[in-house]
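Okay, structure first, notes after.
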Amino acid sequence: MHTHNIYADSVTYSELIKCCISRGAIREAKIVHNHVFSNGYRPMTFLINVFVSMYVKFNLLDDAQKLFDQMPERNVVSWTTMIAAFTNVRDYDKAIGFLILMLRDGVRPNSYTFSSVLRACCKLSELRQIHCGIVKYGLESDVFVRSALVDIYSKWGDLVNAERVFSEMPTGDLVVWNSIIGAFAQNNEGDEALSLFKKMKRCGFSADQATLTSTLRACTGLALLELGQQIHVHVLKFNQDLTLNNALMDMYCKCGNLEDAQRAFSRMLNKDVISWSTMIMGLAQNGFSQKALEMFEAMKKAGIRPNYVTILGVLFACSHAGLVDKGLYYFNSMQKLFGIEPGREHYGCVIDLLGRAGKLDEAIKMIHDMKSEPDAVTWRALLGSCRVHQNIDHAVYAAKQILALDPDDAGTYILLSNLYAKSQMWEDVAKVRKIMRDKGVMKEPGCSWIEVNKKVHAFVLGDNSNPQLDEVIRELNKLILRLKQVGYVPDTNFVLHDLEGEQMEDSLLYHSEKLAIMFGMMYSVKGKAIRIRKNLRICGDCHVFTKLLSKIEDCYIVIRDPIRYHHFRDGICSCEDFW
DNA sequence: TTAGGGTTAG
């Protein structure tokens, strides 16, 4: 048989190997391999490629490489198979190394090669070089190459070039659309992601799992519950897609709708570590710490191994419920119990945990004990606690550390100046304000969003462009009067700077969340939850205001700030005034 | 006739 038609033999062998691969028959495949290479038979390059890729598919990369090394000649497929294999196991160095060897060998890369190797770029400059290669070889219009380019530019945060690759070529398929929608969704540009989603549908493409997952992520970022619910309808078509259901659950959690999140969670037949971690973190951020910890126990019982992120959720729950001992227990034993080395973020949670509980000295000690270098986020956790406990000395210390690492951090200047103001240290307030002016550091204006009838309404402190603003303020004034009659006193401690009396109270009265809540009360369906998302953390006065309001007007209000959620009902907030 | 792109939790 060996002396007859080599080509016909090769085709037969490759069919045989395909059979082995589809059945996962490694032993049989190896027998075929040995047979082919015995008796001095010299297989064609394409047949050896089949064996190389067979070993790759069986995750036997060493065997694949051994065979590759022995090949008398290698074509573009041989090289590309190895490059793709290294990229898939994240051995990016080797993938790029093989690309260079391939070029040196005089083999011309094609669209398969580039679509595989792009993920292996470890910096933007490397990516630019490979992009040049793509243009040079005339492969920039290949849809596989384009989707890979869009994706990798977005992973490096370069949305400008991602968008350029997307829009400068008229050709495109669903995956290219998914890449660009995912690019914006992953970089917190939900609005743009959603508008591309609409555009995609107008172009006649229908959404698949990946599209819906990214679109849900955009809704999650913007807290668009109504739109998210609309997408939920389409999710049902892909009933048990794990990734998509995880995204759906997260959307409900981040929109403060825990009932639907839990409903989605319990409907899932398969749950992975992300499903559980999402639910744990979702419960914790919404103030249901106890439930989050119960969920963690259930997860372990279900035999799912916690990972780095899971433990962050657990620590977050402990810290926001004031469970110091429990949190410290998990932190101190995470290595032993789950084999997870505490990272910077875990330290951040524990510093927060200690700080909230008023153990500021222990929190500082924890920072000094950290294995990794503390970063601005670490110090901010401490500063937040100093704010809660009004500890000026430690606050100044923490603020200095933050500003050394991040000199333009407006939030830190504001926090510091608020602390000084609260302690009536007006000279220090003025000093901080002066530094801000000199450095040109601008305070991010407070902004709140509310979705009513699938439309998003934004309220920004000091911005009068909203046409309904006058009406909202009129109603808000009436409401404030009613609240004052039942004991509401605006807490001017939260107004920074040098305003006095009436004026001081004014800027506080119109904080963006108050406007958004008022708008919600005026225009959304009565009895329905009023859900607000805001860009800054809620201030103490708005917190008091909203609690009282939920009681007097018998309404349910959910406010999501950048860190956590507040559910106001019947005069009580789910955070138990601890945030 | 072998090789390729997009989706989830902090």
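Labels below follow one simple rule: chain letters A, B, ... track the order of the sequence lines, proteins then strands, and each chain is numbered from 1.
- Protein atom CD1 of Ile340(A) is 13 Å distant from nucleotide atom C1' of dG10(B), rounded to whole Å.
- Spacing between atom CZ of Arg305(A) and atom C1' of dA9(B) amounts to 17 Å, rounded to whole angstrom units.
- Considering only side-chain N and O atoms, Lys254(A) lies under 4.0 angstrom from the phosphate OP1 or OP2 of dG10(B).
- What separates CD1 of Ile130(A) from C1' of dG5(B) is a distance of 15 Å, to the nearest Å.
- Residue Arg344(A) places none of its side-chain N or O atoms closer than 4.0 Å to OP1 or OP2 of dG10(B).
- Using a 4.0 Å heavy-atom cutoff across all strands shown, Asp173(A) reaches at least one base atom of the nucleic acid.
- Between Asp69(A) and Lys66(A) no salt bridge is recorded (no basic side-chain N to carboxylate O distance below 4.0 Å).
- By the 30° and 60° cut-offs, the orientation of the rings of Tyr565(A) relative to His567(A) is tilted.
- For the pair Leu244(A) CG and dA9(B) C1', the interatomic distance rounds to 15 Å; values are reported in whole Å.
- Looking at heavy-atom distances under 4.0 Å, Val50(A) makes contact with sugar-phosphate atoms alone, never a base.
- Within 4.0 Å (heavy atoms only), Val143(A) reaches at least one base atom of the nucleic acid.
- Across the protein-nucleic acid pair, Trp79(A) atom CH2 and dT2(B) atom C1' stand 16 Å apart, rounded to whole Å.
- No contact: Val150(A) has no heavy atom under 4.0 Å from any strand.
- The shortest distance between the side-chain N/O atoms of Lys57(A) and the OP1/OP2 oxygens of dA3(B) is below 4.0 Å.
- Evaluation of atom-type donor-acceptor distances gives a pair under 3.5 Å for the side chain of Ser115(A) against the base of dG4(B).
- Side-chain atoms of Ser147(A) come within donor-acceptor range of the base of dG5(B), with a qualifying N/O pair under 3.5 Å.
- Counting any heavy atom pair closer than 4.0 Å across all strands shown, Thr81(A) reaches sugar-phosphate atoms only and no base atom.
- The base of dG4(B) does not come close enough to the side chain of Asn110(A) for any donor and acceptor atom to sit less than 3.5 Å apart.
- Sorted by first then second residue, the salt bridge (Lys or Arg N to Asp or Glu O under 4.0 Å) pairs that include residues 267-289 of chain A, not counting sequence neighbours, number zero.
- A sub-4.0 Å separation between OP1 or OP2 of dA9(B) and a side-chain N or O of Lys271(A) is absent.
- Side-chain N/O atoms of Ser179(A) and base N/O atoms of dG5(B) include no donor-acceptor pair closer than 3.5 Å.
- Residue Gln285(A) places none of its side-chain N or O atoms closer than 4.0 Å to OP1 or OP2 of dA9(B).
- If you take NE2 of His131(A) and P of dG5(B), they are 18 Å apart, rounded to a whole angstrom.
- Closest to the side chain of Ala210(A), out of dT7(B), dG4(B), dT1(B), is dT7(B).
- Below the 3.5 angstrom threshold, one finds a donor paired with an acceptor across the side chain of Asp142(A) and the base of dG4(B).
- You'll find the side chain of Leu248(A) reaches within 4.5 Å of the side chain of His232(A), heavy atoms only.
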Going by atom type alone, with no hydrogens or angles, which donor-acceptor pairs under 3.5 Å involve a side-chain atom of residues 128-138 of chain A and a protein atom two or more places apart or on another chain?
residue   : atom : partner   : partner atom : Å
Arg128(A) : NH1  : Tyr153(A) : OH           : 2.9
Arg128(A) : NH1  : Asn161(A) : OD1          : 3.4
His131(A) : ND1  : Tyr153(A) : OH           : 2.7

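- As judged by a 4.0 angstrom heavy-atom cut-off over every strand, Tyr308(A) is placed among the base-contacting residues.
- Taking the ring centroids of Phe296(A) and Trp276(A), they lie at or beyond the 6.0 Å cut-off.
- Side-chain N/O atoms of Lys18(A) include one lying less than 4.0 angstrom from OP1 or OP2 on dT2(B).
- No engagement by Arg146(A) is indicated, since no non-hydrogen atom pair under 4.0 Å with the nucleic acid exists.
- The distance between atom CZ of Phe197(A) and atom C1' of dT7(B), rounded to the nearest whole Å, is 13 Å.
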